[in-house]
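This structure is a prediction, so every number in the text was calculated from the model and none was measured. Order of the sequence lines fixes the chain letters, A, B, ..., with proteins taken first and strands second; residue numbering starts at 1 for each chain.
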2 protein chains.
Amino acid sequence: MKLKDYLLSVEDFPEEELDQILSSFKQQVLKKNTIVAKAGLVCNTLYYMEKGLARSYYNNAEGKDITAWFFNEGNFMTSMESFFHKKNSAYHLELLEDSLLYAISKDDLDQLFLNFPLMERFGRKLVIKLLGDMMGKLNAIQFQTAKERYLFMINEYPDLYYRVPLGHIASYLGITQETLSRIRAKN
Amino acid sequence: MKLKDYLLSVEDFPEEELDQILSSFKQQVLKKNTIVAKAGLVCNTLYYMEKGLARSYYNNAEGKDITAWFFNEGNFMTSMESFFHKKNSAYHLELLEDSLLYAISKDDLDQLFLNFPLMERFGRKLVIKLLGDMMGKLNAIQFQTAKERYLFMINEYPDLYYRVPLGHIASYLGITQETLSRIRAKN
DNA sequence: TACTTCCTTTGATATAGGTCAAAAAACGGG
DNA sequence: CCCGTTTTTTGACCTATATCAAAGGAAGTA
């Protein structure tokens, strides 16, 4: 979904306002494997992913690569804690496919919030959506078995399953790659 | 913290606006064990907890009582998914102590959002805070051992530990009461 | 103070999922 | 199309935590 359509699907922005908002975003065409945000630095950019796929990940105490979240077409992407609170990011953001992104800086976004009450409302609704996604995952992780989580995952992101390495999905689900492989073998 | 002070700590509301906002909240003095929202119904109320303690919980497939979240002094409480999306609540909200609450209906809150841009901003920031809390817990649950989660918990909510039954804390942490008891015994 | 109910601890045993290791399969650049 | 690299599968074994059961403590009420 195009950014313009996404915005309009949430709030009924007047034409002129919409144009101003859209012009604050900068188009970026980037290759697979590009790191668009680095752990340890403040992530000052919010991305809309029009096409492509990405993940946030970090290396845990034992040095293992842990995928925290996936971002696919039609979603906003950033390192949330870092972006919202100007803290150093705990995560890297890495493109898993060639992607088409629209980027806006935090300063420009705040400017939009100041100028357009509808944008402020859009922002609130967007965060509520993120909160819902987060709660869904929290629930899945906390109270379901590895197999149930796997089923939850392929239900939520059916295509994603074929687009990313198994290991990323496993760590996202909080299980090992071996366990995920075995679960899959039994279906 | 009083509701008024909380509001002012986030946004610099003008006096008159603040009064109008505050008058949309209704004070409620309620006893321990009161259920302020029932699973299966839409939760149309947002509560500010000035004093007291509560939890959200549900009964899982095996009929076990699972605590999903705690709400203590100086926090907003509701069944989020239900409140934001008018869906039936998956959770009960139960007071764990005699409490002093300030309640506002979703309709009244939406009215405040329409009337006061600063309130809209407050709403966005509040949701961002909730999102941060949620991510902290998700992280703890997903990648830490039972013991680490326990330590995370007593760090985040030191007093709470002495105010609620062990079983509630255990299910909140995604472990059994017995395991939590054993962890505690070894410290 | 005793009775009832609720809460916490302790013990014995079972199991889901982790770890380590190596083979097999799939992928990608030249 | 081939070779090195990455990804996935399979096997053997281990550990953290669950489950089941029962005893001990604490707390509220009459």
Side-chain angles (χ1 to χ4, degrees), chain A residues 31-35 53 55 57 59-67 70 92 94-98 137 139-154 157 159-187, chain B residues 31-35 53 55 57 59-67 70 92 94-98 137 140-154 159-187:
Chain A
K31 288 274 165 205
K32 179 172 174 173
N33 295 327
T34 304
I35 302 289
L53 184 60
R55 66 171 182 139
Y57 75 98
N59 294 99
N60 73 1
E62 292 91 51
K64 258 202 223 165
D65 172 322
I66 307 284
T67 295
F70 291 107
H92 304 278
E94 176 193 53
L95 301 185
L96 298 171
E97 299 180 354
D98 296 351
K137 182 178 176 190
N139 229 45
I141 291 271
Q142 182 159 15
F143 300 117
Q144 296 178 216
T145 62
K147 180 166 187 180
E148 289 168 330
R149 275 179 268 167
Y150 157 78
L151 293 173
F152 168 82
M153 165 93 192
I154 57 175
Y157 304 98
D159 63 316
L160 195 153
Y161 193 79
Y162 301 100
R163 292 161 70 185
V164 309
L166 194 68
H168 294 168
I169 293 174
S171 70
Y172 172 80
L173 292 175
I175 60 184
T176 61
Q177 178 168 313
E178 293 94 326
T179 296
L180 182 53
S181 176
R182 280 185 251 262
I183 286 170
R184 184 155 73 166
K186 285 193 210 122
N187 279 56
Chain B
K31 287 274 165 206
K32 179 174 174 172
N33 295 327
T34 304
I35 303 290
L53 185 60
R55 66 171 182 141
Y57 76 99
N59 293 98
N60 74 1
E62 293 91 51
K64 258 202 224 166
D65 171 321
I66 308 284
T67 295
F70 292 106
H92 303 278
E94 177 193 52
L95 301 185
L96 297 171
E97 297 180 355
D98 297 350
K137 182 177 176 190
I141 291 271
Q142 182 160 17
F143 300 117
Q144 296 179 217
T145 63
K147 180 166 187 179
E148 287 169 329
R149 275 179 267 166
Y150 157 79
L151 294 172
F152 168 82
M153 165 93 192
I154 58 174
D159 63 317
L160 195 152
Y161 193 78
Y162 301 100
R163 292 161 70 184
V164 309
L166 195 67
H168 293 167
I169 293 174
S171 69
Y172 172 79
L173 293 175
I175 60 183
T176 61
Q177 179 169 310
E178 293 94 325
T179 297
L180 182 53
S181 176
R182 281 186 250 262
I183 286 168
R184 186 158 71 166
K186 286 192 208 120
N187 280 55

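- For DNA chain D, the contact window with chain B, defined by any atom under 4.0 Å from a protein heavy atom, covers dT17(D) to dA21(D) in 5' to 3' order.
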Contact string for nucleotides 11-20 of chain C, one letter per nucleotide 5' to 3', B = base within protein heavy-atom range under 4.0 Å, S = sugar-phosphate only, - = neither, reads BB----SSBB
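- Residues passing the salt bridge (charged side-chain N to carboxylate O under 4.0 Å, His left out) test with Glu148(A), sequence neighbours excluded: none.
- One interatomic measurement links the two molecules: CG of Asn33(B) to P of dT5(C), which rounds to 17 Å at whole-angstrom precision.
- Under the 4.5 Å side-chain criterion, counting only non-hydrogen atoms from C-beta, Leu160(A) is in contact with Met153(A).
- Residues Leu96(A) and Asn33(A) are not in side-chain contact: their nearest non-hydrogen atoms beyond the backbone lie 4.5 Å or more apart.
- Using modelled atom types, one side-chain atom of Asp98(B) and one backbone atom of Lys32(B) make a donor-acceptor pair closer than 3.5 Å.
- Rounding to the nearest 0.5 angstrom, the gap separating the CZ atom in Arg149(A) from the CD1 atom in Ile141(A) is 5.0 Å.
- A distance-only check finds no donor-acceptor pair linking the side chain of Arg55(A) to the backbone of Phe70(A) [under 3.5 Å].
- For the pair Tyr161(A)/Leu166(A), a side-chain contact is recorded, criterion being any heavy-atom separation below 4.5 Å from C-beta on.
- With sequence neighbours excluded, the residues forming a side chain to side chain contact (heavy atoms under 4.5 Å, CB included) with Asn59(B) are Tyr57(B), Asp65(B), His92(B), listed by chain and number.
- In this structure, Lys137(B) satisfies the cation-pi test against Tyr172(B), with its NZ or CZ atom closer than 6.0 Å to the six-membered ring centre and inside 45 degrees of the ring normal.
- Glu178(B) meets the salt bridge (charged side-chain N to carboxylate O under 4.0 Å, His left out) test with no other residue; sequence neighbours excluded.
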Could you list the protein-to-nucleotides 23-30 of chain C atom pairs, N/O on both sides, closer than 3.5 Å?
none

